[in-house]
Every structure is written in structure tokens, then in C-alpha cells.
Enquirer: 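My questions all concern the structure below.
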Amino acid sequence: MATLDSKIPAGDIAQKWENYKAHQKLVNPANKRKLDVIVVGSGLAGGAAAASLGELGFNVKCFCYQDSPRRAHSIAAQGGINAAKNYPNDGDSVHRLFYDTVKGGDYRAREANVHRLAEVSNSIIDQCVAQGVPFAREYGGLLDNRSFGGAQVSRTFYAKGQTGQQLLLGAYGALNRQIAKGTVKMFNRNEMMDVVVIDGKARGIITRNLVTGEIESHFGHAVIIATGGYGNVYFLSTNAMGSNVSAAWKTYKKGAFFGNPCYVQIHPTCIPVHGEFQSKLTLMSESLRNDGRVWAPKKKEDAEAIRAGKKRPEDLSDDDRDFYLERRYPAFGNLVPRDVASRAAKERCDAGYGVEAGEAVYLDFKYAIQRLGKDVVEARYGNLFQMYEKITDDNPYQTPMKIYPAIHYTMGGIWVDYDLQTTIPGLFAAGEANFSDHGANRLGASALMQGLADGYFVLPYTVQNYLADELHTPRIDPAKSADFKKAADEVKGNINKLLSIKGKQSVDSFHKRLGKIMWDKVGMGRTKEGLTEAISEIQKLRVEFWKDVRIPGDANEMNVELEKANRVADFIELGELMARDALHREESCGGHFREEFQTEEGEAKRQDDKFLYVGAWEFKGIDQEPVLHKEALEFVYCELKQRNYK
Amino acid sequence: MKGKTLNLKLKVWRQKSATAQGKFETYEVSNISTEGSFLEMMDILNEQIISNGGDPVAFDHDCREGICGMCSLYINGHAHGPDEDITTCQLHMRKFTDGDTITIEPWRSAGFPVVKDLIVDRSAFDKILQAGGFVSVNTGGIPDGNAIPIPKEDADEAMDSASCIGCGACVASCKNGSAMLFVSAKVSQLALLPQGRVEAARRAKSMVAKMDELGFGNCTNTGACEVECPKNISITNIARLNREFLSAKLKD
Ligand SMILES: Cc1cc2nc3c(=O)[nH]c(=O)nc-3n(C[C@H](O)[C@H](O)[C@H](O)COP(=O)(O)OP(=O)(O)OC[C@H]3O[C@@H](n4cnc5c(N)ncnc54)[C@H](O)[C@@H]3O)c2cc1C
Ligand code: SF4
Ligand code: FES
């Protein structure tokens, strides 16, 4: 079997990135503007990369499907961003951030990448401060920190409950500056439909203009995919309605390997589902677990009475409340990592202690209000409480919040090497779209860090290293290129095929059915039997979709249903790959929980002798089985241990 | 479970493209749960239209949690609908009563031409920010984040201004179609912080010039923008913008 080359530089872990930068190839300033870079995505990863590459002098084209780059889903991140500054003097360091991230990822991430992430984390904070990001501050004028799950130090920087928004607006400002200078050209309301590979190298993309429906071709000496995560394969998730896998999926079908697709993160604190017509789920930031205590009724009778509306949570005394996280994990308590907290909530609800419709537990601020006063709680979480009240009509200052786990983040993604380059030369992947740094579980406040690390501090180096050898590749005029024409024709053919089905069922109805299969069988608890069923159910769904989907309207106009259909078609294919990956991985690790593999206490049990590798899948054709490639993982600087948060 | 269901009549603006003539169409929806959101009600309407063989209503939305600024909609004469301090996607059906007729229109403003149905083109906002809504620093080579202490009050005030989501409700609800609240929010955020202070006057001047060039109206202090702003951006920001603008003029 082929092995993957992760291209990890030699040397001690703390020297690798320094060595890389010291020896990489560079492009001189005058030559940079002769080189074109395509950046798909304007979130933290794409926005930061496009701006930074533009500043260096490369000729950048950046794409997003929203009406403005400022609306990328990074905007929705609430809680914060990690860095190893150690401002609170509580024992943090680059090594500790590195270690926590590897451990939090349940030893399924590549050490070298994670170490680099920890190394550049501090520069991110400096950069954002310089851009005018209004981080929370102490009275002395210095930056404030809070703690997040999976760490014993306070290393999370935040801007109210809107950290992602502020970081993204910082990157968007940098991007706007380059747009004004002409180094970056921005294409809003444009969706990438395919990647163009010529002589084995990525040379551009095909897009659909979402306003006119026009299919357009763009050349680039290098292409960066920064299109976010694929959580919407579950239909209901905390992602934006338009978040999709399509750009990444198209690269997979053109030869980029897809890494660890089954690793998804289920966030423990989301607002529970309220009805059949529900369109998305809303996250309540993890930061709430700093001061909120999670509990379920201790007695089944109480849970039943609350479900029947005969009792209210406030009626239960402390003795009748089961603070199950504090009970099971005294060392970390309410701040255990997300996968652990999510499974613990499911365990309580499956055992009959859930409230609402049986799938909810409480997150209670009564104790924090007693301890700190309402004003302090309001200053910390006011906007989150307001958001909660608008959705549920309950006031969390008076009655505990109801929460339940929901799909939130995808650790899997396009496989990349140390350079963030995929298995297609010239094609890079960054941010949530790649598989790289979080292993089988991501710690809170680490996705923003990774997105900005990739965009500001990694890609500007590694892409340049690649481009140095492309200086003599002349620009390709897509209008004169048979390869571009072929790719564009394929895209048009696919769209016409979808429109000509003229079936009876709406796109959303298929998406909801896919989501249900995924949540029930490829969700929080997975079994061999369930996964096998999921694969065949998804295959049937795919056939039915291509026979019976109804898409009104035409190709050459704004057509929202067509946009959704393109995305759902890819989600269906992805769903099958996720189930396959989950089926093959006969162990539990991080967010991937195979019920057959657990300890007596119900914790995830890894099988390091068999699965200490990244599973990278190669596409072989739509009705063919994909081929699994394995990148062996080595843990030299972090000792391989069973995770323990007790 | 709490909640009731509603039967509603919807008067929705339909317009096939930017150049086409638009008009209101009337639809009826039934059994809408008061626990659902307004956009979920729109989803139900669209499913109904699709199953009847029609063309669904196009409207902008993405995050559906009040932060991306993508959703818009003028609902019963109010930008983002009848509830306060929220965006359309956060509006819930419990704010309506059984039997209501709801009128749904796009933002209507010279600066925001209609693209299709309820979707408008807000790219003018991007252009205004490109004219100077940033701090001119490159990536890298930056001093430590704690090198310059910033009074907490200033940081908090900057944060309040920075909460603008760029939705355009202020423009849509202003009788002059002015973008002053939007522009002033960015100018204030950056002027309040030492990092942005350096370019404050120049920034104010070029952003205002761009706003004028793009056809937004003048501010006559009616305050309608502040009332409809889902993020509580205060018109005191406009006063700060005016000060910055004047000081830039004086330097000329
Ligand atoms: C509700 C919520 C809260 C979160 N809170 C935190 C937090 O507190 N801390 C933390 O660290 N992380 C948090 N995360 C995770 C984090 O926000 C994301 O992982 C991260 O922002 C992803 O950034 P990105 O740049 O990779 O992608 P995104 O920000 O999703 O950007 C994707 C970009 O790609 C574009 N795009 C997508 N598909 C296409 C296509 N086919 N063609 C063209 N363009 C396309 C989009 O238009 C967009 O510009 C949170 C996530 C959610 C959903
Ligand atoms: S100032 Fe308020 S209304 Fe105007 S764009 Fe910003 S958030 Fe929207
Ligand atoms: S859809 Fe994002 S703010 Fe309403």
C-alpha cells in the first residue's frame, strides 16, 4: 500500500518550523506579481491567507458564496481563541499548549503540525491587537483571559461573546486594504464548482456566479481551499445554512485524499431541537461552562414530572440534582473536553434522566449568580443569555438553560502534509477544511487559532516555497485551454442533469433524510451494525436523489434550490465515506465513539496497536470502493496515554 | 411542550431580477408553530411553493443566529421585524397572532438595488470599508499584544461599536437612505483604540467621501437607524464621526 509523505522537517520539534523557514525557497518581490494564487473562502483561514499573500505582492483572487467576505461562518464563533502567552502566569507555555492539543485530540494528530500551531499562536494575538480587534481587557489595560475545556490554564482571549466576529472583521479589514490596493480581487456570491488539474498540478477553478448563473474559469499557479467544515452533512448543526463540503469534495474527486472523515465534534452545549421544521441548531458557547453547572435530575420521577410540565427545575433542591460531570470527573468537572461532556449528557438522557422531550439537560447559573452577582454574570455572558431568551422565551437568569449536544465541527478534512499541501501539487487546504491539527477531537478556542495560524503565518511561507518553482510556468488563458473547457463542460453537464430530473421531492427533504441517517448511525455512538446499515441506506438515498429531486427554475439565473442541490449531492457522497471510515476504525477515540470499544466506565478506548494512523481515502469512482492510505503517527514528545480527566 | 400554531396570510415582494418589474404576491401558510423562527416559516412557505410547482421566494440568510448580517427583510414596515434588538433570523413566530397578515419586503434604498425577490445588493458597504475601514498594518513584525495598555472603558466602547454586523437595516430605515450609522460604527471603533487612532482623521474623511460617491443620502439626525439597528449601535457614534471628519477638514 502506498504511504503518504507528510514532509515533516528534520530536527527537534521546537526547531522544525524555524529550520523550515530558514531553508525554504523564496520569490523575489518583482516576481511575486507574476504569480497568481486562488483562495477559495474568506473566513479566518482564507481571509487571512488572501490578505497576507496580497501584502507580499502575489496576485490573489479570493472567492466566497456570501454577498460579502465578512459573512464567512467564522463570524459565528463566540467563545475565544487560545494562545500560549502565559499572561496570567499560571504555568502556560508553547509546550503545554502543544501537549494539551495533542492530548485533547486523543493522540490522533501529527505532532509537528501541532507544535507549529502552538509556536505561532502568540503572534496571532499580537497581529489581531494591531488590527484593532477589541479584545476584553482588565482594568489595568492589559488583555484578559478565560479558561476553556481540556486545559488547566487560562489561555483563551476573547471579545465579549463575539470573538470570531471580531477576529474575522480584523482579517476582513486586512483583506479590504489589499482589495483597495488591487493585489486581491474579491469574487462574492461565487461558488467553486470544481478544481482544474493540468499535468498533475492544480491550475485553477471553475465557479458559478450565483447571481447570473454563469459558469466561469479562473487560472492560478496555486489554489488554496479554505471553505470551512462539513458539519451540515447532518442537516442540523451549528454551521451556517450555506456551509458545505462541495469545494473540498470536488478536490477529493480529482485526486486529493480525504483524511479522517469520521472525526466530527459534537458540542455539548447547544439549544435542544424544538420541532420538525427546525432548520439549524444554535450553540451556547463553551465559555458558559466556566460558570454554569451542568446537571440532570437525580430521580427519574423528577425527570418525568419536569417533562410532563408538572415540576420546574427550580423546584428541585441541590440534593435532587445530579451534577454528573463534577461527580464523574472531579479534576476537570464542568470543563472536561467536549466529546466527554457530550457523551455524558447522552448517557444521562438515554438512561431516562433527560428533560424537555427527553433529550436535554440543564446548565445552571444560579450558583454563579450567588457567588459573583448578576452584574458580573451579565457582563460575561449577557449577549448569549439574550440570544437564548429570544430563541426559547426562557430567562436564564431565572431558570437554568436547557442544553443538548449537537454537531459542531469537523476535525476530518482534506489530507495535507506539513506544508498544508494536498496530494495534488499546487493545491493547499487550510482552516477547518483540512484535517490537520486537532486529531480526533478539537479543544475549544483552537479552531480560530488554527484558521489564523494557517492563513497569516503558515501559508504565506509554504505557498511561496511552492511558487518559487512555478515562476517559469506561463499563465494559462482558460478560454484557450482544452483542460479548462473540459472541466467547465462537466460542471454545466452536471447542472443540466440535476435540472432535468424534475422529480417530486424537494432538496431539503433529501437533506433531512440524510441528516437523520447520519445522526442516528454515524453520530455520537456508532456500531458496526449501524454503520453497515448507514452505508446501504445512503447509497439508496443517492439513487433516489438522482431520480426524484425537484429543482425549480433555470441554470442561468439566481437559483437557490439549484445551489442547495449541488451541495446536497456532495453531502450524500461524503456521508457514505464517513460511515466507511467510521466502520473501518475499530476503536473509540475523541469524537469517534464505537460502542464496542469502551472501558468499564464507558470511556473511549483507543486501539493504538492497530489504529495509530491517519486514514486518508482516495476516490476511485462513484460506485467503486475508495482506497485507504495510512499515515503512521509517531508520538515522540507527548507520551501516548489513555486520556484521563478524572 | 409549550407553543401554539398560527394560520397566516403573507404578502411577499416578488421580483424575478434586478431589472424586472416587481409586485406583491399573497400566500397562505397554516399550522406554523409559535416556537419556530420567522425564517423557518419562510422555509415552510418555500416547500409549499415548490410542491405546487412554483418558484420559491429568494431571501438572504446564512448563520441564522444573528451574527453574519446576511438576513434582511422589511417585515410589517420594520427592518428585521417587530421585535427589538434582533435580526430577522432571530425573530420568532410567537411575536405574531393567529390570522395576521404579514407584509414582507426587501430593503428599499438607492444604495441597495434589488437582486431578486427579497435579496438586495449591499456591496456598497464593502466598498466603503475598502476606502479606509482598517488599520494599515501588514502581517508579522508586530509588538507584543500587551505593549500598549488600553483603558478597559475604551476597549469596551470600541467593542460596542465593533458589534455592527453590516446588515444595512440602518440604511433601509432611514428616510434619506444614509449610511452614517454604519460608517460611524467602524470609524469610532478604530478611533477609540490607540492602534487605529493614528489614521483616524484620514479614515473618516475617505470613508465619508466614498459613502457620498456611492449615492447614500445625508444624515439629518432623525435617529430611525438607531431604533432599527439589531445590534444597538448608538447614534453617539455619528457624533464621533462628525468630530473626526471636522478635524480632518481642518487639517486640509
Ligand atoms: C457557532 C460556532 C461557534 C464557534 N466557536 C468557536 C470558538 O469560540 N473558538 C474557536 O476556536 N472555534 C470556534 N468555532 C469553530 C470555528 O469558528 C471554525 O472552525 C472556523 O471559524 C472555520 O474557519 P474557516 O476559515 O476554516 O471557514 P469559514 O469561516 O467557514 O469560511 C468558509 C469560507 O469558504 C467559503 N466557501 C465555502 N464553500 C464555498 C464554495 N463551494 N465556493 C466558494 N466559497 C466557498 C465561504 O463563503 C466562506 O468564505 C465555532 C464554530 C461555530 C459554528
Ligand atoms: S449599524 Fe446596525 S443596522 Fe446598520 S449595518 Fe450595522 S448592525 Fe446593521
Ligand atoms: S442569517 Fe446571519 S444574521 Fe441573520
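Computed from a predicted structure; not experimentally measured.
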Enquirer: Examine whether an atom of Phe135(A) lies under 4.5 Å from a heavy atom of chain B, and if so say whether it belongs to the side chain, the backbone or both; otherwise answer neither.
Expert: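 The backbone, not the side chain.
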Enquirer: Evaluate the side chain to side chain contact (heavy atoms under 4.5 Å, CB included) criterion for residues Arg64(B) and Ser279(A): first the C-alpha distance (whole Å), next the side-chain angles of each, then the deciding distance (0.1 Å), finally the verdict.
Expert: CA-CA 9 Å; Arg64(B) 292 209 179 183; Ser279(A) 58; 2.8 Å; yes
Enquirer: What option among Ser52(A), Ala72(A), Ala130(A) has the most heavy-atom pairs under 4.5 Å with chain B?
Expert: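 So the answer, after comparing Ser52(A), Ala72(A), Ala130(A), is Ala130(A).
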Enquirer: Measure from the side-chain N and O atoms of Asp144(A) to the backbone N and O of Arg137(A), and report whether any donor-acceptor pair falls under 3.5 Å.
Expert: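 No, because the side chain of Asp144(A) does not come within donor-acceptor range (under 3.5 Å) of the backbone of Arg137(A).
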Enquirer: With a 4.5 angstrom heavy-atom cut-off, is it the side chain or the backbone of Lys16(B) that approaches chain A, or both, or neither?
Expert: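 Only the side chain of Lys16(B) comes within 4.5 Å of chain A.
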Enquirer: Given the options Leu192(B), Asp144(B), Ile148(B), which has more heavy-atom pairs under 4.5 Å with chain A than any of the others?
Expert: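 Greatest number of close heavy-atom pairs with chain A: Asp144(B).
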Enquirer: Counting only heavy atoms closer than 4.5 Å, note whether Asp156(B) contacts chain A via side chain, backbone, both or neither.
Expert: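 The answer is neither part of Asp156(B).
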Enquirer: For Asp55(B) and Arg14(B), which heavy atoms make the closest approach, and how far apart are they?
Expert: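 Result for this residue pair: O-NH2, 3.0 Å.
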Enquirer: Examine whether an atom of Ile86(B) lies under 4.5 Å from a heavy atom of chain A, and if so say whether it belongs to the side chain, the backbone or both; otherwise answer neither.
Expert: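 The answer is the side chain of Ile86(B).
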Enquirer: Just wondering, do Phe385(A) and Glu389(A) contact through their side chains at under 4.5 Å, heavy atoms?
Expert: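 No. Closest side-chain heavy atoms not under 4.5 Å.
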Enquirer: Identify the heavy atoms of Gly168(B) and Trp107(B) that sit nearest to each other, and give their distance.
Expert: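 Taking every non-hydrogen atom into account, C-NE1, 3.6 Å.
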Enquirer: Would Lys205(B) and Glu199(B) count as a salt bridge (charged side-chain N to carboxylate O under 4.0 Å, His left out) here? Give the steps.
Expert: CA-CA 10 Å; Lys205(B) 200 175 127 193; Glu199(B) 299 169 276; over 6 Å; no
Enquirer: Take atom OH in Tyr461(A); do more than 12 heavy atoms of anything else shown fall under 6.0 Å from it?
Expert: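 No, the 6.0 Å shell around OH holds no more than 12 heavy atoms from other groups.
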Enquirer: Quick one: do the Tyr158(A) and Asn145(A) side chains pair a donor with an acceptor below 3.5 Å?
Expert: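 On atom types as modelled, these side chains do not qualify, holding no pair under 3.5 Å.
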Enquirer: Where does Lys504(A) contact chain B at under 4.5 Å (heavy atoms): side chain, backbone, both or neither?
Expert: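 Contact with chain B involves no heavy atom of Lys504(A) at all.
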Enquirer: Where does Asn188(A) contact chain B at under 4.5 Å (heavy atoms): side chain, backbone, both or neither?
Expert: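 Contact with chain B: side chain only.
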Enquirer: Where does Leu193(B) contact chain A at under 4.5 Å (heavy atoms): side chain, backbone, both or neither?
Expert: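 Just the side chain, heavy atoms under 4.5 Å.
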Enquirer: What part of Leu39(B) gets closer than 4.5 Å to chain A, counting heavy atoms only: side chain, backbone, both or neither?
Expert: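 Interface part for Leu39(B): neither.
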Enquirer: Kindly say whether the aromatic ring centers of Phe182(B) and Phe125(B) come within a distance under 6.0 Å.
Expert: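 They qualify: ring centres under 6.0 Å apart.
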Enquirer: So which of Tyr139(A), Phe157(A), Tyr456(A) has the largest heavy-atom pair count under 4.5 angstrom toward chain B?
Expert: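 That would be Tyr139(A).
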Enquirer: When you measure from the side chain of Asp554(A) to the backbone of Glu557(A), do you find a donor-acceptor pair of N or O atoms at a distance under 3.5 Å?
Expert: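 Not a single qualifying donor-acceptor pair exists.
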Enquirer: Does NZ in Lys152(B) sit with more than 12 non-hydrogen atoms of other residues, nucleotides or ligands closer than 6.0 Å?
Expert: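 Enclosed.
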Enquirer: Measure Gln131(A) against the heavy atoms of chain B and call it side chain, backbone, both or neither at under 4.5 Å.
Expert: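 Both backbone and side chain of Gln131(A) come within 4.5 Å of chain B.
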Enquirer: Show the nearest heavy-atom pair for residues Gln189(B) and Lys186(B), with the distance to one decimal.
Expert: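 Minimum heavy-atom contact is OE1-NZ, 2.9 Å.
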Enquirer: With a 4.5 angstrom heavy-atom cut-off, could you sort out which part of Leu281(A) is near chain B: side chain, backbone, both or neither?
Expert: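 For Leu281(A), the contact with chain B is made by the backbone alone.
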Enquirer: Could you walk me through whether Lys402(A) and Thr392(A) pass the side chain to side chain contact (heavy atoms under 4.5 Å, CB included) test, one step at a time?
Expert: CA-CA 9 Å; Lys402(A) 282 179 283 224; Thr392(A) 61; over 6 Å; no
Enquirer: Non-hydrogen contacts under 4.5 angstrom with chain A: give the residues of residues 128-138 of chain B involved, or none if there are none.
Expert: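 Leu129(B), Gln130(B), Gly133(B), Phe134(B), Val135(B), Ser136(B), Val137(B), Asn138(B), listed by number.
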Enquirer: Where on Val120(B) is there a heavy atom nearer than 4.5 Å to chain A: the side chain, the backbone, both, or neither?
Expert: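 Val120(B) touches chain A through backbone heavy atoms alone.
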Enquirer: Chain A heavy atoms under 4.5 Å from Glu153(B): which part of the residue, side chain, backbone, both or neither?
Expert: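 Glu153(B) touches chain A through side-chain heavy atoms alone.
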Enquirer: Where on Ser161(B) is there a heavy atom nearer than 4.5 Å to chain A: the side chain, the backbone, both, or neither?
Expert: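 No part of Ser161(B) comes within 4.5 Å of chain A.
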Enquirer: Looking at Thr282(A), Ile391(A), Val560(A), which makes the most heavy-atom pairs under 4.5 Å with chain B?
Expert: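 Most pairs with chain B among the choices: Ile391(A).
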Enquirer: Considering only heavy atoms and a distance below 4.5 Å, find which of Lys127(B), Met70(B), Arg122(B) pairs most often with chain A.
Expert: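 The residue among Lys127(B), Met70(B), Arg122(B) with the greatest pair count is Met70(B).
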Enquirer: With chain A as the partner, which of Asp60(B), Val115(B), Asp121(B) has the greatest number of non-hydrogen pairs under 4.5 Å?
Expert: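 Most pairs with chain A among the choices: Asp60(B).
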Enquirer: Shorter than 4.5 Å, heavy atoms on both sides: which option in Ile119(B), Ile49(B), Asp117(B), Asp43(B) has the most such pairs with chain A?
Expert: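 With the most close heavy-atom pairs to chain A, the winner is Ile119(B).
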Enquirer: State, to 0.1 Å, how close Pro552(A) and Ile50(B) come at their nearest heavy-atom pair, and which atoms those are.
Expert: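 Here Pro552(A) and Ile50(B) meet closest at CG-CG1, 4.1 Å.
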Enquirer: Side chain, backbone, both or neither: which part of Thr238(A) has an atom under 4.5 Å from a heavy atom of chain B?
Expert: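 For Thr238(A), the contact with chain B is made by the backbone alone.
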Enquirer: For chain B, which candidate among Gln166(A), His73(A), Lys85(A) shows the most heavy-atom pairs at distances under 4.5 Å?
Expert: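 Between Gln166(A), His73(A), Lys85(A), the count favours Gln166(A).
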Enquirer: Taking Glu356(A) first and then Arg307(A), would you say they form a salt bridge - that is, a charged N and a carboxylate O separated by under 4.0 Å?
Expert: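 Between Arg307(A) and Glu356(A) there is no salt bridge, as every charged N stays at least 4.0 Å from the carboxylate O atoms.
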Enquirer: Could you tell me which portion of Pro143(B) (side chain, backbone, both or neither) has an atom closer than 4.5 angstrom to a non-hydrogen atom of chain A?
Expert: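 For Pro143(B), the contact with chain A is made by the backbone alone.
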Enquirer: For the interface with chain A, which of Ala162(B), Gly196(B), Ser123(B), Ala58(B) has the highest count of heavy-atom pairs at distances below 4.5 Å?
Expert: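 Among Ala162(B), Gly196(B), Ser123(B), Ala58(B), the one with the most close pairs to chain A is Ala162(B).
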Enquirer: Against chain B, label Ile179(A) side chain, backbone, both or neither, depending on which of its atoms sit under 4.5 Å from a heavy atom there.
Expert: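 The side chain, not the backbone.
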Enquirer: At a heavy-atom separation under 4.5 Å, does Asp83(B) approach chain A through its side chain, its backbone, both, or neither?
Expert: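 It is the side chain, since no backbone atom gets that close.
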Enquirer: At their closest point, which heavy atom of Ser188(B) faces which heavy atom of Asn237(B), and how far apart are they?
Expert: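 For Ser188(B) versus Asn237(B), the nearest heavy atoms are OG-OD1, 2.9 Å.
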Enquirer: Starting from the C-alpha separation in whole Å, work towards a yes-or-no answer on side chain to side chain contact (heavy atoms under 4.5 Å, CB included) for Glu65(B) and Gln90(B).
Expert: CA-CA 6 Å; Glu65(B) 52 186 78; Gln90(B) 292 174 294; 5.8 Å; no
Enquirer: Please flag which part of Asn31(B) lies under 4.5 Å from any non-hydrogen atom of chain A: side chain, backbone, both or neither.
Expert: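 No part of Asn31(B) comes within 4.5 Å of chain A.
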Enquirer: Is Ser68(A) in contact with chain B via its backbone, its side chain, both, or neither, using a 4.5 Å heavy-atom distance?
Expert: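 Answer is both: backbone and side chain atoms of Ser68(A) are under 4.5 Å from chain B.
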Enquirer: Please flag which part of Gln66(A) lies under 4.5 Å from any non-hydrogen atom of chain B: side chain, backbone, both or neither.
Expert: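 Contact with chain B involves both backbone and side-chain atoms of Gln66(A).
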Enquirer: Which answer fits Asn146(B), side chain, backbone, both or neither, if we ask what part of it has an atom under 4.5 Å from a heavy atom of chain A?
Expert: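 It is both, since atoms from each part get that close.
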Enquirer: For Gln127(A), is it the side chain, the backbone, both or neither that has a heavy atom under 4.5 Å from a heavy atom of chain B?
Expert: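 Its backbone and side chain both get close to chain B.
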Enquirer: If you count the non-hydrogen atoms of other residues, nucleotides and ligands that lie under 6.0 Å from CD in Glu84(B), is the total more than 12?
Expert: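 It does not: Glu84(B) CD has 12 such atoms or fewer within range.
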Enquirer: Tell me if a side-chain donor or acceptor on Arg550(A) pairs with a main-chain N or O of Gln505(A) at a distance below 3.5 Å.
Expert: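 Side chain of Arg550(A) to backbone of Gln505(A): no pair is present.
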Enquirer: Work out which heavy atom in Gly140(A) is nearest to a heavy atom in Pro149(B); give both atom names and the distance.
Expert: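 Here Gly140(A) and Pro149(B) meet closest at O-CB, 4.0 Å.
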Enquirer: Between Glu47(B) and chain A, with a heavy-atom cut-off of 4.5 Å, which part of the residue counts as in contact: side chain, backbone, both or neither?
Expert: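 For Glu47(B), the contact with chain A is made by the side chain alone.
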Enquirer: If I measure from the heavy atoms of chain B, does Leu169(A) come under 4.5 Å with its side chain, its backbone, both, or neither?
Expert: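 Looking at Leu169(A), just its side chain touches chain B.
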Enquirer: Is the backbone of Gly145(B) close enough, under 3.5 Å, to the side chain of Asp126(A) for a donor and an acceptor to pair up by distance?
Expert: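 Between the backbone of Gly145(B) and the side chain of Asp126(A) there is a qualifying donor-acceptor contact (under 3.5 Å).
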